[in-house]
*Asks:* 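Before anything else, here's the structure in question.
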Amino acid sequence: MKNFFVLAAVVFMMTAFAGCGSPDSDVLRIGASPVPHAIILEYIADELAQQGVAIQIIEFSDFTLPNPALFDAQIDVNYFQHRPFLERWIDDSGNELAYIASIHIEPMGIYSQNLTDLSQVPQGGRVAIPNDATNGGRALMILESAGLLGLTEGIGIRATVHNIEYNPLGLTVVELDAPLVPVALGEVDIAVINTNFALGIGLNPTRDALYMEPTDSPFANILATRTENANSEAVQILADTLRTERVRNFILERFEGAVVPVF
């Protein structure tokens, strides 16, 4: 799945915007993860069209692709990441993108195919985590919060496996591309899985996780765009529409607590 790029877009009604390939063009191109981001966008498409904003939803199943695609103007907005991920990408790439609004949080969870409680994690067990910088650090923080590991004091999201200073069970950490972590669930004892990928295989963190990330986590999913488009009318309409009471209720009902609005 490393280079998996799916154009799964539907172009809705034409708008009055002029031009081409920008948030002020006839179609606003939004890069999004399939679940839950694309589902939420599909829910508001008609409402956006009524406000003069037609959207094209372009689905990405690889976290490494939407920010370069946005910076290179292949899309106009993306909705797939949390703010620490965006900030890390900006630092690493030297390119600038703009944060627009926080929409929801997807609490990461610790899952197992064979265990029913974290107390059953065996000595020398194997745990799978995402291998990208921010989600890997976030997963390690969750394992620390669950009492399975201890990390270098104060390291936070920048933690890597080299920052594991306390490992009483002698766990082996297996780092994988984030979409592959749920695929490996049957080959490890436990796995820390991003909620969008958990939902994709029928797992709900509130029902299936052995441990769920605390709800005060700073990892809310956001809208981002290019800096020159941060004040675009179309982008602002998109952000405002995503943060309505109607969308809040839809998220809570549709995802049953696996996705939590932050507005």
Side-chain angles (χ1 to χ4, degrees), residues 1-2 33-36 61-64 80-82 84-85 88 104-221 255-260:
M1 275 189 208
K2 183 65 178 175
S33 298
V35 183
S61 292
D62 184 335
F63 284 169
T64 67
F80 79 102
Q81 66 189 323
H82 48 65
F85 187 96
R88 184 64 177 264
H104 72 264
I105 188 166
E106 302 167 28
M108 268 181 120
I110 302 176
Y111 299 85
S112 178
Q113 201 169 83
N114 302 309
L115 309 180
T116 58
D117 192 273
L118 287 184
S119 64
Q120 299 170 348
V121 177
Q123 192 76 29
R126 287 160 51 84
V127 52
I129 68 169
N131 64 4
D132 61 273
T134 50
N135 283 301
R138 181 182 178 187
L140 290 170
M141 290 170 65
I142 293 169
L143 291 168
E144 181 178 51
S145 176
L148 294 172
L149 297 175
L151 302 172
T152 304
E153 186 174 356
I155 191 65
I157 196 170
R158 292 191 173 269
T160 71
V161 292
H162 302 295
N163 297 111
I164 298 173
E165 296 190 353
Y166 176 68
N167 188 0
L169 292 175
L171 298 177
T172 297
V173 178
V174 181
E175 298 176 279
L176 301 168
D177 288 352
L180 298 181
V181 176
V183 177
L185 195 56
E187 301 172 13
V188 295
D189 296 287
I190 55 174
V192 187
I193 305 176
N194 294 82
T195 290
N196 58 317
F197 294 125
L199 292 172
I201 62 168
L203 295 174
N204 184 306
T206 58
R207 181 188 65 232
D208 302 309
L210 303 184
Y211 182 86
M212 195 164 70
E213 184 175 28
T215 56
D216 61 355
S217 165
F219 301 106
N221 281 216
F255 300 106
E256 301 179 334
V259 180
V260 182

*Asks:* Rounded to the nearest 0.5 Å, how far does CG of N135 lie from CZ of F219?
*Replies:*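 Those atoms lie 8.0 Å apart.
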*Asks:* Can you tell me how far CG of N194 sits from CG of L199, rounded to the nearest 0.5 angstrom?
*Replies:*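 It comes to 10.5 Å.
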*Asks:* If I compare all heavy atoms of T195 with all of A258, which pair ends up nearest, and what's the gap?
*Replies:*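 Looking at all heavy atoms of both residues, the shortest contact is CG2-O, 3.3 Å.
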*Asks:* At their closest point, which heavy atom of G202 faces which heavy atom of R207, and how far apart are they?
*Replies:*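 Scanning both residues, the minimum pair turns out to be O-NH2, 3.1 Å.
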*Asks:* For residues V181 and P130, report the shortest heavy-atom separation together with the two atoms involved.
*Replies:*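 Shortest heavy-atom separation between V181 and P130 comes out as CG2-N, 3.8 Å.
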*Asks:* If you measure from CZ on R126 to CD on E187, what distance do you get to the nearest 0.5 Å?
*Replies:*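 Rounded to the nearest 0.5 Å, the CZ-CD separation comes out at 7.5 Å.
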*Asks:* If you measure from CD1 on I193 to CD1 on I129, what distance do you get to the nearest 0.5 Å?
*Replies:*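 Reported value, rounded in 0.5 Å steps: 12.5 Å.
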*Asks:* Yes or no on ring-ring contact (aromatic ring centres under 6.0 Å, His included) for Y111 and F197, after CA distance, side-chain angles and deciding distance?
*Replies:* CA-CA 12 Å; Y111 299 85; F197 294 125; over 10 Å; no
*Asks:* Within the distance-only criterion (no hydrogens, no angle test), does the side chain of Q113 pair as donor or acceptor with the backbone N or O of V188 below 3.5 angstrom?
*Replies:*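 Not a single qualifying donor-acceptor pair exists.
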*Asks:* Return yes if some donor-acceptor pair links the side-chain N/O of E213 with the main-chain N/O of P107 below 3.5 Å, else return no.
*Replies:*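 No, E213 side chain to P107 backbone: no donor-acceptor pair under 3.5 Å.
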*Asks:* Hey, does D132 have a side-chain heavy atom less than 4.5 Å from the side chain of T64?
*Replies:*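 Result no, sub-4.5 Å side-chain heavy-atom pair not found.
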*Asks:* For E106 versus P36, what's the shortest heavy-atom pair and its separation?
*Replies:*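 Of all heavy-atom pairs spanning E106 and P36, the closest is OE2-CD, 3.2 Å.
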*Asks:* For D177 and N131, which I'm curious about, is there any donor-acceptor pair between the side chains at under 3.5 Å?
*Replies:*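 Side-chain D/A pair, D177 to N131: present.
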*Asks:* Over 60° means perpendicular and under 30° means parallel, so classify the ring planes of F80 and F85, tilted if in between.
*Replies:*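 Perpendicular: the ring planes of F85 and F80 meet at over 60°.
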*Asks:* Under 3.5 Å, is there a donor-acceptor pair between the side chain of D117 and the main chain of S119?
*Replies:*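 The answer is yes, because a donor-acceptor pair under 3.5 Å joins these two groups.
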*Asks:* Does the side chain of L143 reach to within under 4.5 Å of the side chain of I164, using non-hydrogen atoms?
*Replies:*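 Result no, sub-4.5 Å side-chain heavy-atom pair not found.
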*Asks:* Side chains of V259 and N221: closer than 4.5 Å at any heavy-atom pair?
*Replies:*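 Sidechains of N221 and V259: no contact.
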*Asks:* Would you say Q120's side chain and L115's backbone share a donor-acceptor pair under 3.5 angstrom?
*Replies:*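 Checked: no pair found.
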*Asks:* If you measure from CG on L151 to CD on E144, what distance do you get to the nearest 0.5 Å?
*Replies:*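 Here the rounded value is 4.0 Å.
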*Asks:* For S112 and D189, indicate whether the former's side chain and the latter's backbone hold a donor-acceptor pair under 3.5 Å.
*Replies:*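 Yes; at least one donor-acceptor contact below 3.5 Å.
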*Asks:* Which heavy atom in L118 sits nearest to a heavy atom in A146, and how many Å separate them?
*Replies:*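 Minimum heavy-atom contact is CD1-CB, 3.8 Å.
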*Asks:* V173 and V161: which non-hydrogen atoms are nearest, and at how many Å?
*Replies:*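 So the minimum-distance heavy-atom pair works out to CG1-CG1, 3.7 Å.
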*Asks:* Return the OG1 to CG distance between T206 and L203, rounded to the nearest 0.5 Å.
*Replies:*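 Atom-to-atom, T206:OG1 and L203:CG are 11.0 Å apart.
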*Asks:* For side-chain contact (heavy atoms from CB on, under 4.5 Å), just list the numbers for V121 and V127, CA-CA rounded to whole Å, side-chain angles, deciding distance to a tenth of an Å, and then say yes or no.
*Replies:* CA-CA 9 Å; V121 177; V127 52; over 6 Å; no
